[in-house]
Protein chains: 2
Amino acid sequence: MAAREALPFDLRALEIFLAVCEEGAMAGAARRLGLTQPAVSQAVADLEGRIGLAVFDRSVRPLGLTAAGGVLRQKASALISEARQIAPALRETEHGRFPLLRAGLVDSLARALAAPLGGYLATLAEEVSVLSGLTAAHASALLSRQMDFLVGLDELEDVEGLERFALVTEPYVLLLPAGVAPPVRVDDLRQMALPLVRFSARSKTGIEVERHLRRLKVELPRRLEFDTPQGVAATVAAGEGFAVTTPLCIHEGAVDLARVRCAPLPGPAFQRRLTLIARRQELGRLPREIADFCRSRLAADVLPALDAAMPWLAGTLRIEG
Amino acid sequence: MAAREALPFDLRALEIFLAVCEEGAMAGAARRLGLTQPAVSQAVADLEGRIGLAVFDRSVRPLGLTAAGGVLRQKASALISEARQIAPALRETEHGRFPLLRAGLVDSLARALAAPLGGYLATLAEEVSVLSGLTAAHASALLSRQMDFLVGLDELEDVEGLERFALVTEPYVLLLPAGVAPPVRVDDLRQMALPLVRFSARSKTGIEVERHLRRLKVELPRRLEFDTPQGVAATVAAGEGFAVTTPLCIHEGAVDLARVRCAPLPGPAFQRRLTLIARRQELGRLPREIADFCRSRLAADVLPALDAAMPWLAGTLRIEG
DNA sequence: GGATGATATAAATGATACTTATAGTATCCG
DNA sequence: CGGATACTATAAGTATCATTTATATCATCC
């Protein structure tokens with residue numbers, strides 16, 4: 001955690017600063033706040049001393065703002081207005097629940113988890129939003145506090161201040177149209193007659209697959225790519241190509257298993273892990289509990305079907321925790 | 001402005017509260033903060049007294065959070081982390097400019113203003129973003145502080161705490177394919193052979209046109225609609241229909257004026273006004289200056305061409321201020 | 001070039017954050 | 001169960017910081 005250096009101001013100082021901005025004069029601000037003029041003058045001088053910069057241009061009247069003062073007005077105004085909303089929000093929370101929880105769910109778990117997760121969150125919060133999509137978009141939303149947690153691949157490995165709960169690890173596998181014989185060796189892969197249906201490079205899964213194939217020196221023509229597991233699975237089911245995907249993506253695709261064939265991916269182990277990521281400490285025990293819930297639902301609803309369809313997975317698809 | 005009731009806490013109290021949350025114990029928090037245990041105990045009791053709610057459940061150890069406490073942790077954590085970013089941001093502003101300015105520009109001014117506005121803002125801020133689109137989306141971004149100001153129709157008439165600067169008022173006009181004779185009376189409108197090309201009801205312009213035509217008892221079949229002035233203008237230029245639009249939308253459409261014909265809209269006066277809207281007091285004199293800039297660019301770059309193409313406008317298209 | 005209305009500084013005062021000291025309470029463990 | 005341990009609450013004193021009164025200095029307007 002960052003060094004606990006003291007904050008250079010408190011909310012009271014910002015309140016006084018904003019009053020001066022709006023009145024254009026310290027004396028005016030003092031009248032409005034029910035203080036004396038020197039109190040305001042000293043509060044402003046103290047604030048400037050603490051941040052080490054002048055915020056007012058005292059050579060003109062009405063008082064002008066310096067560059068730093070302009071920015072401070074913008075930021076302080078936002079901060080105070082948020083602070084004012086906190087106490088009312090707390091009072092509305094007497095039901096013992098959060099007022100709002102916002103979750104991001106990677107596409108490949110949308111079918112498996114969106115509804116149960118939404119239902120579970122609804123028992124914890126007054127208002128719930130579950131957004132499915134690419135984890136990249138969710139990651140930036142999480143960092144900018146427009147989202148409370150996300151479930152997806154970990155694209156934030158280098159970011160401090162987050163906590164992670166591993167949910168499930170799964171190997172990449174091959175998905176082929178029903179009649180096609182699966183390649184057994186890496187070399188068979190290089191000679192596939194069918195084109196490769198790809199995940200878009202906008203998704204981390206797409207990037208990982210791309211990199212793995214490059215490492216294996218498997219070069220396949222670029223023909224069709226999709227953002228979503230459904231697009232990939234449906235295209236394979238239609239016989240248009242084969243894909244490197246994962247068991248959960250196949251489940252997400254909701255495709256008729258009679259029309260496709262799943263097979264191990266030849267070559268060295270290649271897997272991915274889905275994780276729940278939240279800002280550390282902000283939601284207390286909640287992220288851990290939500291992760292537990294997700295694991296139990298995956299174990300109960302999804303794993304049995306996938307193990308039945310791909311018995312050769314033999315535990316390489318496993319719930320963490 | 002809202003009644004200036006005092007804030008029920010300052011940042012120091014929240015800092016202590018969060019330390020207790022993370023340590024799970026007041027004594028632990030005291031050690032971490034370099035305080036004594038009673039100091040923390042009293043700060044917490046004081047905080048609870050001010051907001052009128054208990055935040056900790058003292059009957060269990062490690063200390064549990066109440067419902068309100070859970071929400072407070074979430075909000076306080078966000079507030080403190082934003083507060084910590086302020087001072088560094090101020091120090092980066094020694095160039096005399098804002099670190100970031102985010103503008104929303106209504107589609108109908110995108111061609112006329114996006115580039116010059118962007119250039120002008122770049123002289124004021126380190127980083128600038130100018131987003132074009134429907135004002136409805138910009139309005140919500142403005143309110144949620146994801147945008148600093150917007151230029152468009154005023155869809156926020158009932159919202160407090162905003163300041164407005166009128167830029168330009170323009171009448172709605174008819175746009176027809178070159179060869180078509182313009183309707184002169186309202187009744188001619190009702191008998192147009194060509195279909196009406198509409199602005200989507202997602203845009204305020206579209207809604208206003210729709211309402212005006214309903215008031216005039218002009219009912220025209222629904223065939224083609226667009227979100228953007230380009231779509232409307234290009235469709236009219238292709239001879240596919242006629243449109244009720246405005247001079248600035250026509251300019252935005254960037255259509256060859258030889259292929260279309262502009263004419264007054266029969267019936268009572270019907271106009272719209274474009275406005276610059278910002279959160280009050282946050283950017284100081286900046287909104288007024290930006291509005292001045294926008295007016296001068298419109299007067300210099302756009303008005304002469306439109307007056308030449310539609311001499312019958314005769315001052316009904318006018319810059320405000 | 002004063003008159004006026006503002007800001008800055010100094011010293012005194014009041015509020016409140018913090019400390020020491022002590023009493024009360026939860027949890028652990030034999 | 002009972003005592004050891006570690007925590008929290010309360011009381012009273014102290015230190016610190018915000019605010020006041022009093023006074024000096026500065027900007028702006030005729």
Side-chain angles (χ1 to χ4, degrees), chain A residues 4-66 68-69 72-73 76 80 83, chain B residues 4-66 68-69 72-73 76 80 83:
Chain A
R4 307 225 133 271
E5 56 185 70
L7 286 162
F9 44 71
D10 62 10
L11 295 177
R12 177 68 174 156
L14 296 185
E15 231 173 7
I16 294 176
F17 165 75
L18 289 176
V20 176
C21 287
E22 290 177 33
E23 292 286 327
M26 300 200 195
R31 277 190 293 276
R32 193 165 97 184
L33 296 171
L35 297 177
T36 57
Q37 171 266 316
V40 173
S41 175
Q42 288 176 53
V44 170
D46 185 57
L47 177 66
E48 290 180 320
R50 285 172 194 272
I51 61 181
L53 296 167
V55 296
F56 289 114
D57 174 4
R58 287 145 166 95
S59 70
V60 295
R61 206 118 329 144
L63 236 43
L65 280 167
T66 63
L72 182 61
R73 165 190 256 183
I80 294 270
Chain B
R4 306 228 134 269
E5 56 185 70
L7 287 162
F9 44 72
D10 62 10
L11 296 178
R12 177 70 176 154
L14 296 185
E15 229 172 7
I16 294 176
F17 166 74
L18 289 176
V20 177
C21 287
E22 292 177 31
E23 293 286 327
M26 299 200 197
R31 277 190 293 276
R32 193 165 98 182
L33 296 171
L35 297 176
T36 57
Q37 170 267 315
V40 172
S41 175
Q42 288 175 47
V44 170
D46 185 57
L47 177 66
E48 290 180 321
R50 286 172 193 272
I51 63 182
L53 296 168
V55 296
F56 289 113
D57 173 4
R58 289 147 167 90
S59 71
V60 295
R61 204 109 345 134
L63 237 46
L65 280 168
T66 63
L72 182 61
R73 165 189 254 182
I80 294 268

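Throughout, a chain's letter reflects where its sequence line sits, starting with A, and its residues are numbered from 1.
- Residue order along DNA chain C, read from the 5' end via each residue's closest nucleotide, puts A:Ala45 first among A:Ala45 and B:Ile16.
- In this structure, B:Asp57 places its CG atom 11 Å from P of C:dA26, rounding to the nearest Å.
- A close approach under 4.0 Å does occur between a side-chain nitrogen or oxygen of B:Arg58 and OP1 or OP2 of D:dA9.
- Going from atom CE of A:Met26 over to atom P of C:dG5 covers 19 Å, rounded to whole Å.
- Rounded to an integer number of Å, the gap from CZ of A:Arg31 to P of D:dT20 is 14 Å.
- Going from atom CG of B:Leu63 over to atom P of D:dA9 covers 8 Å, rounded to whole Å.
- Under the side-chain contact (heavy atoms from CB on, under 4.5 Å) rule, A:Phe56 has a single partner from A:Val20, A:Thr66, A:Leu47, which is A:Val20.
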Side chain to side chain contact (heavy atoms under 4.5 Å, CB included) evaluation trace for B:Leu7 with A:Ile80: CA-CA 9 Å; B:Leu7 287 162; A:Ile80 294 270; 4.2 Å; yes
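- Using a cut-off of 4.0 Å between Lys/Arg side-chain N and Asp/Glu carboxylate O, A:Arg31 and A:Glu23 are scored as not salt-bridged.
- Phosphate proximity of C:dC18 to B:Arg12: present, with a side-chain N or O under 4.0 Å from OP1 or OP2.
- Per the geometry, CD belonging to B:Glu23 stands 10 Å off P belonging to D:dC7, to the nearest Å.
- Between A:Phe17 and A:Val55, the shortest heavy-atom distance links the atoms CE1-CG2, 3.8 Å.
- Nucleotides of DNA chain D nearest to A:Arg50 and B:Val44 differ in position, and the one nearer the 5' end is that of B:Val44.
- Going from atom CG of B:Asp46 over to atom P of C:dT19 covers 15 Å, rounded to whole Å.
- Annotation: proximity of residues 35-42 of chain A to DNA chain D (heavy atom, distance under 4.0 Å) is found for A:Leu35, A:Thr36, A:Pro38, A:Ala39, A:Gln42, numbered in ascending order.
- Rounded to a whole Å, the CZ atom of A:Phe56 is 15 Å from the C1' atom of C:dA8.
- Nucleotide C:dT7 holds its C1' atom 17 Å from the CZ atom of A:Phe17, rounded to whole Å.
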